[in-house]
Undergrad: 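My questions all concern the structure below.
All values below were derived from every heavy atom in this structure, side-chain atoms included, with hydrogens, water molecules and symmetry-related copies excluded.
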Amino acid sequence: MEANPSVDMFSKVLENQLLQTTKLVEEHLDSEIQKLDQMDEDELERLKEKRLEALRKAQQQKQEWLSKGHGEYREIPSERDFFQEVKESKKVVCHFYRDSTFRCKILDRHLVILSKKHLETKFLKLNVEKAPFLCERLRIKVIPTLALVKDGKTQDYVVGFTDLGNTDDFTTETLEWRLGCSDILNYSGNLMEPPFQSQKKFATNFTKLEKKTIRGKKYDSDSDDD
């Protein structure tokens with residue numbers, strides 16, 4: 001049986017690309033090794049100290065976050081506590097919930113996971129029945145609503161599940177992506193590609209949304225306007 005010329009050509013091209021990639025990696029490694037070989041003891045010691053200092057700073061930052069209540073999803077008892085909590089942390093997500101609204105329980109599950117993954121952000125929940133003044137001030141009318149607070153100021157809102165694919169079955173990554181769009185946590189994925197179907201269409205629509213539109217959006221949830 002004769003070999004297919006196009007398959008044979010493709011194999012050669014692929015093999016050549018792999019060889020080139022391997023060569024580039026080897027050259028990079030050789031370059032790094034050469035740099036290390038040329039360093040004297042003082043330079044190596046400075047490099048080591050620099051890396052240790054970076055590790056120390058990262059550990060100190062982690063401990064500082066933990067001391068301020070990061071790393072867990074907590075309920076705060078009153079609106080007075082809200083002001084204190086957002087004052088001491090740079091990035092805060094606060095879930096305004098009501099016990100009788102089942103979609104709040106859906107959000108709870110995802111927020112527990114994200115609070116452990118993203119130590120850089122503080123995750124809180126506050127019962128709207130205990131915060132009438134705050135709800136009026138922030139114009140929170142639809143439950144659930146996530147208030148995204150940065151540097152002590154409420155920058156954005158996630159109202160209902162409209163921005164999460166408009167479904168109760170959204171994934172934790174979808175919520176993580178939406179919070180990443182507001183830079184309230186460090187999202188490592190592609191912000192232009194929401195992790196659910198019809199991504200391109202949704203990404204285009206989402207980038208056009210203004211904060212006023214988001215916070216004023218009505219959703220089939222528990223609304224104080226009903």
Undergrad: Measuring only between side-chain heavy atoms, which start at C-beta, is N127 closer than 4.5 Å to Y97?
TA: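 Yes - at least one pair of side-chain heavy atoms lies under 4.5 Å apart.
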Undergrad: Say you draw a straight line from SG of C94 to CD1 of I76; how long is it, rounded to the nearest 0.5 Å?
TA: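 Rounded to the nearest 0.5 Å, the SG-CD1 separation comes to 4.5 Å.
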Undergrad: Taking L119 as the starting point, is it possible to reach L185 by hopping between hydrophobic residues whose side chains are less than 4.5 Å apart?
TA: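 Shared cluster, no.
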Undergrad: How close do F161 and T167 get, counting heavy atoms only, and between which atoms?
TA: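 Closest approach of F161 to T167, heavy atoms only: CD1-O, 3.5 Å.
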Undergrad: When clusters are formed by joining ILVMFWY residues with side-chain heavy atoms under 4.5 Å apart, either directly or through shared neighbours, do L191 and V158 land in the same one?
TA: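 Result: yes, single cluster for both.
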Undergrad: Does atom CD of E136 have more than 12 heavy-atom neighbours from other groups under 6.0 Å away?
TA: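 Result for CD/E136: open.
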Undergrad: Do F82 and V92 make a side-chain contact, defined as non-hydrogen atoms from C-beta onward lying under 4.5 Å apart?
TA: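 No; the side chains remain at least 4.5 Å from each other.
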Undergrad: Find out if a path of hydrophobic residues (ILVMFWY) with successive side-chain heavy-atom gaps under 4.5 Å connects I113 to Y187.
TA: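 The answer is no; the residues belong to distinct hydrophobic clusters.
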Undergrad: To the nearest 0.5 Å, how far apart are CD in E176 and CG in L111?
TA: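 It comes to 11.5 Å.
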Undergrad: side-chain contact (heavy atoms from CB on, under 4.5 Å) between K150 and D183: does it pass, once the steps are laid out?
TA: CA-CA 9 Å; K150 199 171 179 183; D183 192 32; 2.6 Å; yes
Undergrad: Would you call the rings of H70 and W65 parallel, tilted or perpendicular, where under 30° means parallel and over 60° means perpendicular?
TA: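 H70 and W65: parallel rings.
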Undergrad: May I ask you to decide if L138's main-chain N or O and Y157's side chain share a donor-acceptor pair within less than 3.5 Å?
TA: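 Judged by distance alone, yes, a pair lies under 3.5 Å.
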Undergrad: State the NZ-CD distance between K122 and E72, to the nearest 0.5 angstrom.
TA: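 So the NZ of K122 and the CD of E72 are separated by 10.5 Å.
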Undergrad: Minimum heavy-atom separation for C135 to F96, with atom names?
TA: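 Taking C135 first and F96 second, the nearest heavy atoms are SG-CD2, 4.1 Å.
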Undergrad: Taking E85 first and then R74, would you say they form a salt bridge - that is, a charged N and a carboxylate O separated by under 4.0 Å?
TA: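 A salt bridge links E85 with R74.
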Undergrad: Salt bridge between K57 and E64, side-chain N to carboxylate O under 4.0 Å?
TA: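 Here K57 does not pair with E64 in a salt bridge, since their nearest N and O are not under 4.0 Å apart.
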Undergrad: For P77 and L126, which heavy atoms make the closest approach, and how far apart are they?
TA: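 So the two residues come closest at C-CD1, 4.4 Å.
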Undergrad: Under 4.5 Å between side-chain heavy atoms, counting indirect links through other Ile/Leu/Val/Met/Phe/Trp/Tyr residues: same cluster for F83 and V128 or not?
TA: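 As far as the 4.5 Å side-chain criterion goes, V128 and F83 are connected within one cluster.
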Undergrad: Might you confirm whether atom NZ of K105 has over 12 heavy atoms from other residues, nucleotides or ligands at distances under 6.0 Å?
TA: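 Yes, enclosed.
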Undergrad: Look at the side chain of K68 and the backbone N and O of S89, then say whether any donor-acceptor pair between them is shorter than 3.5 Å.
TA: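 It does not hold such a pair.
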Undergrad: Would you check, one step at a time, whether the test salt bridge (Lys or Arg N to Asp or Glu O under 4.0 Å) holds for R46 with E53?
TA: CA-CA 10 Å; R46 281 196 294 272; E53 182 61 26; over 6 Å; no
Undergrad: Indicate, with yes or no, if L55 and L47 share a hydrophobic cluster defined by side-chain heavy-atom contacts under 4.5 Å among Ile, Leu, Val, Met, Phe, Trp and Tyr.
TA: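 Different clusters: L47 never reaches L55 through Ile, Leu, Val, Met, Phe, Trp or Tyr contacts under 4.5 Å.
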Undergrad: Please give me the minimum heavy-atom distance between R98 and C104, naming the atom from each residue.
TA: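 R98 and C104 have their closest heavy atoms at N-SG, 3.6 Å.
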Undergrad: I need the I143 CD1 to T101 OG1 distance, nearest 0.5 Å.
TA: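 One gets 6.5 Å once the value is rounded to the nearest 0.5 Å.
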Undergrad: Can you find a heavy atom in the side chain of L107 that is under 4.5 Å from one in the side chain of L175?
TA: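 When only atoms from C-beta onward are counted, L175 and L107 do touch, with a gap below 4.5 Å.
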Undergrad: Would you compute the distance between atom CD1 of I184 and atom CG of L146 and round it to the nearest 0.5 angstrom?
TA: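 Taking CD1 in I184 and CG in L146, the distance rounds to 10.5 Å.
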Undergrad: S182 and R178: side-chain donor and acceptor closer than 3.5 Å?
TA: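 Checked: S182/R178 side chains pair up, N/O donor to acceptor below 3.5 Å.
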Undergrad: So do the side chains of Y73 and V93 get within less than 4.5 Å of each other, counting heavy atoms only?
TA: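 No; the side chains remain at least 4.5 Å from each other.
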Undergrad: Just wondering, are more than 12 heavy atoms of other shown residues or ligands nearer than 6.0 Å to CZ in R51?
TA: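 Result for CZ/R51: open.
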Undergrad: Nearest 0.5 angstrom please: Q17 CD to T21 OG1, how far?
TA: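 Reported to 0.5 Å precision, the distance equals 7.0 Å.
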Undergrad: Indicate the atoms forming the closest heavy-atom contact of P144 with R103, along with that distance.
TA: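 The pair with the smallest heavy-atom distance is CD-CB, 4.0 Å.
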Undergrad: State, to 0.1 Å, how close T171 and H110 come at their nearest heavy-atom pair, and which atoms those are.
TA: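 Heavy atoms of T171 and H110 come nearest at C-CE1, 3.8 Å.
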Undergrad: Are any of the side-chain heavy atoms of D151 and K90 separated by less than 4.5 Å?
TA: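 The answer is yes; the side chains approach within 4.5 Å.
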Undergrad: Would you call K91 and H118 a side-chain contact if the rule is heavy atoms closer than 4.5 Å?
TA: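 A side-chain contact under 4.5 Å is absent here.
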Undergrad: Begin with the C-alpha distance, continue with both residues' side-chain angles, and end with the deciding distance and a verdict on salt bridge (Lys or Arg N to Asp or Glu O under 4.0 Å) for E79 and R137.
TA: CA-CA 11 Å; E79 51 193 4; R137 178 172 169 176; over 6 Å; no
